[in-house]
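Single-structure report; data block below.
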Amino acid sequence: MKNLVIALGLIGLSAAAFAQKSSTDSIAEYRAMLQDGNPAELFEVKGEDLWKKKRGPKNASLEKCDLGKGAGVVKGAWVELPRYFSDTGRVQDLESRLLTCMQELQGFNAADIAKTAFGKDEQNNVTALATWISAESKGMKFNLSQSHVEERKMYEVGQRLFFMRGGSHDFACATCHSQDDKRIRLQDLPNLTKNPGAGAGFGAWPAYRVSNGQMWGAQLRLNDCYRQQRFPYPLFGSDATIALGVYMGVNGKGGEAIAPAIKR
């Protein structure tokens with residue numbers, strides 16, 4: 001009888017282990033299947049059109065926008081952002097930099113766009129632009145600069161914010177993303193303090209969210225992380241979200257950009 005109980009216990013453990021492996025493998029297969037024909041491709045097409053199209057009060061395109069590698073240069077820009085820009089005196093990520101270009105070149109009001117709800121009006125266009133621009137650097141390695149004092153300062157701020165606990169649940173970014181092999185239900189949680197987690201996590205956004213049929217930029221992803229921690233929204237293009245982008249991007253140096261990716 002004792003041997004039978006032991007045998008049944010071992011069978012139960014084996015079944016549980018098999019089920020866990022099977023679930024993980026199934027999710028990987030599901031994502032691979034979705035990646036073939038990722039709806040993000042539609043946003044890429046829209047973003048490229050928006051880059052070249054004359055729009056706004058000044059009836060101009062964004063083809064002279066400087067993303068850090070010179071006016072109009074797109075390829076390779078995504079993997080070096082956020083970075084310091086001397087014309088604004090700020091460290092900017094891709095989306096906040098796009099607002100600068102939309103205001104200076106096309107005459108849009110950057111502050112009004114920043115206040116617009118995610119997924120609405122010009123905010124939706126910013127996401128499409130970011131999707132196309134990130135796709136132009138797909139497969140390249142992240143190499144964020146830390147040569148300027150403001151870039152180093154933002155890394156330090158981002159690191160502090162990453163480990164800062166607060167809110168009603170006493171959460172921090174680090175609660176979910178500072179250890180290896182963590183997951184919530186069936187969702188893997190990359191360790192964003194080092195590679196490969198930092199590169200794979202930071203380097204995946206913008207991404208298409210299958211669960212709600214929406215394209216999310218990095219700004220929305222970070223704002224939603226704060227929402228889940230029960231923090232107030234930092235708001236679009238805030239120094240807090242940009243600092244976190246610097247922290248994760250520098251930690252992900254050498255990691256491969258996979259954006260625009262596809263998420264559950």
Side-chain angles (χ1 to χ4, degrees), residues 40 43 47 78 81-83 88 90-100 102-103 108-131 133-134 144 154-155 157-178 184 187 189-190 192-193 197-198 200-252 258-264:
F43 289 84
W78 164 238
L81 289 166
R83 66 184 298 165
T88 59
R90 293 185 59 208
V91 174
Q92 294 180 287
D93 65 355
L94 174 57
E95 290 166 270
S96 60
R97 184 61 183 174
L98 282 170
L99 286 195
T100 296
M102 291 171 72
Q103 177 166 288
F108 287 105
N109 188 310
D112 286 347
I113 298 175
K115 294 174 185 175
T116 304
F118 286 110
K120 302 286 186 179
D121 305 325
E122 286 300 328
Q123 273 277 7
N124 206 32
N125 289 334
V126 172
T127 300
L129 283 161
T131 301
I133 292 167
S134 66
L144 271 66
M154 288 296 264
Y155 179 88
V157 171
Q159 183 178 45
R160 294 187 183 193
L161 287 172
F162 187 85
F163 288 97
M164 183 184 75
R165 303 175 71 98
S168 61
H169 289 43
D170 194 34
F171 278 176
C173 300
T175 304
C176 293
H177 293 290
S178 63
I184 292 179
Q187 180 65 39
L189 299 172
L192 300 176
T193 67
F202 176 74
W205 301 91
Y208 182 79
R209 296 297 302 266
V210 176
S211 57
N212 57 20
Q214 295 176 346
M215 195 73 206
W216 282 26
Q219 278 289 325
L220 177 51
R221 172 69 274 177
L222 288 171
N223 272 272
D224 195 62
C225 284
Y226 271 109
R227 178 192 64 81
Q228 293 180 68
Q229 295 177 60
R230 308 304 191 269
F231 275 59
Y233 260 30
L235 303 179
F236 182 93
S238 67
D239 284 339
T241 52
I242 294 172
L244 283 168
V246 172
Y247 175 69
M248 292 185 290
V250 171
N251 290 347
I258 60 175
I262 190 164
K263 299 288 184 177
R264 65 173 177 80

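One is the number of the first residue; the rest follow in order along the sequence.
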Shortest non-hydrogen contact between [X] and [Y], atoms and distance:
{"X": "Val157", "Y": "Ala243", "result": "CG1-CB, 3.8 Å"}
{"X": "Ala174", "Y": "Phe163", "result": "CB-CD2, 3.4 Å"}
{"X": "Thr100", "Y": "Thr88", "result": "CG2-CG2, 3.8 Å"}
{"X": "Pro234", "Y": "Ala240", "result": "CB-CB, 4.5 Å"}
{"X": "Ile258", "Y": "Ala204", "result": "CG1-CA, 3.7 Å"}
{"X": "Ser96", "Y": "Asp93", "result": "OG-OD1, 2.6 Å"}

[atom1]-[atom2] distance between [X] and [Y], expressed to the nearest 0.5 angstrom:
{"X": "Asn212", "Y": "Lys263", "atom1": "CG", "atom2": "NZ", "answer": "13.5 Å"}
{"X": "Tyr155", "Y": "Phe162", "atom1": "OH", "atom2": "CZ", "answer": "10.0 Å"}
{"X": "Arg90", "Y": "Met154", "atom1": "CZ", "atom2": "CE", "answer": "7.0 Å"}
{"X": "Leu192", "Y": "Leu244", "atom1": "CG", "atom2": "CG", "answer": "9.5 Å"}
{"X": "Tyr208", "Y": "Thr131", "atom1": "OH", "atom2": "OG1", "answer": "12.0 Å"}
{"X": "Ser178", "Y": "Leu189", "atom1": "OG", "atom2": "CG", "answer": "10.0 Å"}

Would you indicate whether the side-chain heavy atoms of [Y] and [X] approach each other to under 4.5 Å?
{"X": "Trp205", "Y": "Met248", "answer": "no"}
{"X": "Leu144", "Y": "Pro82", "answer": "yes"}
{"X": "Met215", "Y": "Pro260", "answer": "yes"}

inquiry  = Is the positively charged end of Arg209 above the ring of Trp216, judged by distance under 6.0 angstrom from the centroid and angle within 45° of the axis?
reply    =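 Yes, a cation-pi geometry holds between Arg209 and Trp216.
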request  = Please identify each residue that fulfils side-chain contact (heavy atoms from CB on, under 4.5 Å) with Phe118, with sequence neighbours left out.
outcome  =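 Listed in chain order: Gln123, Gln219, Leu220, Asn223, Tyr233, Phe236.
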ask   = Mind checking what makes side-chain contact (heavy atoms from CB on, under 4.5 Å) contact with Ala130, not counting sequence neighbours?
value =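 Applying side-chain contact (heavy atoms from CB on, under 4.5 Å) to Ala130 gives Leu94, Glu95, Leu98, Pro206.
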request  = Using the side-chain contact (heavy atoms from CB on, under 4.5 Å) rule, take Glu122 and Met102 through it: C-alpha gap first, then chi angles, then the decisive distance, then the call.
outcome  = CA-CA 10 Å; Glu122 286 300 328; Met102 291 171 72; 3.4 Å; yes
request  = With side-chain contact (heavy atoms from CB on, under 4.5 Å) as the test, would you mind laying out the steps for Val210 and Ile262 before giving the verdict?
outcome  = CA-CA 7 Å; Val210 176; Ile262 190 164; 3.7 Å; yes
ask   = Parallel, tilted or perpendicular for Phe202 and Trp78, by the 30°/60° rule?
value =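 The rings of Phe202 and Trp78 lie parallel, inter-plane angle below 30°.
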inquiry  = Main chain of Gln229, side chain of His169: is a donor-acceptor contact present, judged purely on distance under 3.5 Å?
reply    =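 No, the answer is negative, given that no donor and acceptor are paired below the 3.5 Å cut-off.
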query = For Arg160, does the CZ atom sit with more than 12 other heavy atoms under 6.0 Å from it, leaving out its own atoms?
reply =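 Count not over threshold, so no.
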query = By side-chain hydrogen bond (donor to acceptor under 3.5 Å, both in side chains), which residues pair with Arg97, not counting sequence neighbours?
reply =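 Arg97 satisfies side-chain hydrogen bond (donor to acceptor under 3.5 Å, both in side chains) with Asp87, Gln92 only.
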